[in-house]
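We're numbering straight along the sequence, starting at 1.
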Amino acid sequence: MGSITHCAGFHAAAVAPQKDCVALGIDVEVDEELPSGVLPLISGDEERNWIANAPQGRNWGRLLFSAKESIFKAWFPLTREWLGFEDAVVTILPEDRSFVAQLPHTIVPANDFPSELRGRFLIADGLILTAVSLAASMANHSPLAGAQTESRPGTK
């Protein structure tokens with residue numbers, strides 16, 4: 001399992017053995033405000049309300065964008081389902097530098113894959129980094145995850 005990301009002046013890759021991790025997504029963004037008009041395109045009312053009332057001094061909109069990018073990168077290879085920005089509702093938990101994504105509008109049936117993904121973030125050196133992973137042990141109950149893993153050539 002793997003994921004790549006890049007922005008101006010930074011690039012990264014993350015890999016994990018498929019026996020340990022069935023979904024992995026990373027993203028990096030420059031730590032700056034989103035361009036005007038972008039937040040309404042990538043967020044729902046609940047997310048915008050949280051950002052409006054969040055502690056000052058952070059680019060929460062850019063963090064939300066990055067979190068959703070990481071979620072999408074983890075979700076698609078596992079399910080082959082494209083997500084729109086409205087398909088993931090993200091709750092940011094600043095106190096432990098994490099976020100939780102609810103996926104209420106996905107095509108994949110709820111019993112085939114978790115309807116929630118968790119991730120972590122770091123804001124440092126002018127960058128916002130986010131990561132989402134799903135451990136194989138968390139997906140073992142998933143018929144979809146098992147089918148996807150078994151169908152890939154060269155996997156065991």
Side-chain angles (χ1 to χ4, degrees), residues 1-108 113-139 142 145 148-149 152:
M1 200 51 44
S3 184
I4 62 171
T5 188
H6 60 89
C7 70
F10 187 86
H11 55 275
V15 296
Q18 197 166 18
K19 67 180 177 58
D20 298 328
C21 180
V22 297
L24 180 63
I26 62 172
D27 188 65
V28 63
E29 300 289 329
V30 175
D31 185 10
E32 59 188 30
E33 288 187 40
L34 284 172
S36 179
V38 173
L39 185 62
L41 300 174
I42 66 152
S43 62
D45 293 339
E46 183 179 331
E47 294 161 327
R48 285 191 301 278
N49 184 52
W50 185 88
I51 289 170
N53 295 295
Q56 298 297 308
R58 294 285 186 207
N59 292 308
W60 298 113
R62 183 72 70 162
L63 173 62
L64 177 66
F65 177 84
S66 182
K68 288 189 177 194
E69 288 290 314
S70 289
I71 292 159
F72 302 157
K73 289 177 181 182
W75 183 260
F76 182 79
L78 183 61
T79 65
R80 299 294 186 233
E81 178 186 17
W82 290 103
L83 294 176
F85 284 105
E86 70 281 0
D87 294 323
V89 179
V90 175
T91 301
I92 298 170
L93 306 166
E95 59 279 355
D96 65 353
R97 295 187 310 253
S98 69
F99 56 91
V100 178
Q102 300 292 322
L103 303 166
H105 305 294
T106 62
I107 298 168
V108 177
F113 196 77
S115 60
E116 176 181 288
L117 292 175
R118 294 181 173 269
R120 305 275 301 166
F121 69 87
L122 175 66
I123 302 173
D125 298 326
L127 299 172
I128 297 173
L129 300 108
T130 59
V132 173
S133 65
L134 181 63
S137 61
M138 298 295 290
S142 169
Q148 290 287 332
T149 299
R152 290 191 188 110

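- Remark: F99 CZ to L64 CG distance equals 9.5 Å, nearest 0.5 Å.
- Looking only at distances, no side-chain donor or acceptor of S43 sits under 3.5 Å from a matching main-chain atom of R48.
- Counting heavy atoms from C-beta on, the side chains of L134 and L78 come closer than 4.5 Å.
- The main-chain N or O of A14 is never found under 3.5 Å from a side-chain atom of S3 such that the two would form a donor-acceptor pair.
- A distance of 8.0 Å separates CG of L34 from CG of N59, quoted to the nearest 0.5 Å.
- Atom CH2 of W75 sits about 5.5 Å away from atom CD of E81, to the nearest 0.5 Å.
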Exercise for review: Apply the test side chain to side chain contact (heavy atoms under 4.5 Å, CB included) to residues T5 and K73: give CA-CA distance (whole Å), side-chain angles for both, the deciding distance (0.1 Å), then the verdict.
Suggested key: CA-CA 10 Å; T5 188; K73 289 177 181 182; 3.7 Å; yes
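- Using a 4.0 Å cut-off between charged nitrogen and carboxylate oxygen, E116 and R118 count as a salt-bridge pair.
- In summary, the aromatic rings of W60 and W50 are positioned with their centroids under 6.0 Å apart.
- With contacts defined as side-chain heavy-atom distances shorter than 4.5 Å, the pair C7/L127 qualifies.
- In terms of modelled atom types and a separation under 3.5 Å, the side chain of T130 and the main chain of S66 share a donor-acceptor contact.
- Side-chain contact between L103 and D87: absent, with no pair of heavy atoms (C-beta onward) separated by less than 4.5 Å.
- Atom CD of E33 is surrounded by 12 or fewer heavy atoms from other residues, nucleotides or ligands within 6.0 Å.
- At a cut-off of 3.5 Å, with distance as the only test, no side-chain donor of R120 or S98 sits close to an acceptor on the other residue.
- Between K68 and E47, at least one side-chain N (NZ, or NE/NH1/NH2) sits under 4.0 Å from a carboxylate O, which counts as a salt bridge.
- Listed here is the closest heavy atom pair of I4 and A13: CG2-CB, 4.1 Å.
- At least one side-chain heavy atom of P77 sits less than 4.5 Å from a side-chain heavy atom of R80.
- Within the 3.5 Å criterion, the main-chain N or O of A136 finds no donor-acceptor partner in the side chain of K19.
- For the atom pair CD of E69 and CD1 of I42, the computed distance is 9.0 Å after rounding to the nearest 0.5 Å.
- Around atom CD of E95, more than 12 heavy atoms belonging to other residues, nucleotides or ligands sit under 6.0 Å away.
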Practice item. Tell me, with the steps shown, if L63 and F121 meet side chain to side chain contact (heavy atoms under 4.5 Å, CB included). Key: CA-CA 8 Å; L63 173 62; F121 69 87; 3.6 Å; yes
Exercise for review: Please lay out, stage by stage, how E46 and V89 fare under the test side chain to side chain contact (heavy atoms under 4.5 Å, CB included).
Suggested key: CA-CA 8 Å; E46 183 179 331; V89 179; 4.2 Å; yes
Practice item. Start with the C-alpha gap between I51 and L39, add the side-chain angles, then the distance that decides, and say whether side chain to side chain contact (heavy atoms under 4.5 Å, CB included) holds. Key: CA-CA 10 Å; I51 289 170; L39 185 62; 3.8 Å; yes
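- Side-chain atoms of N49 and N53 include a donor-acceptor pair closer than 3.5 Å.
- Looking at D27 and L129, their side chains never come closer than 4.5 Å, going by heavy atoms from C-beta outward.
- Of all non-hydrogen atoms in I26 and S70, the two that sit nearest each other are C-OG, 3.4 Å.
- Rounding to the nearest 0.5 Å places CZ of F65 at 11.0 Å from CD1 of I128.
- The environment of L93 atom CG is dense: over 12 non-hydrogen atoms of other residues, nucleotides or ligands sit within 6.0 angstrom.
- In the displayed structure, Q102 atom CD is contacted under 6.0 Å by more than 12 heavy atoms of other residues, nucleotides or ligands.
- Listed here is the closest heavy atom pair of S133 and C21: CB-SG, 4.1 Å.
- In this structure, H6 NE2 and E29 CD are separated by 10.0 Å, a value rounded to the nearest 0.5 Å.
- Ion pairing between a basic and an acidic side chain is recognised when a charged N comes within 4.0 Å of a carboxylate O; R62 and D31 show no such pairing.
- Across all non-hydrogen atoms, the minimal contact from A67 to V90 is CB-CG1, 4.4 Å.
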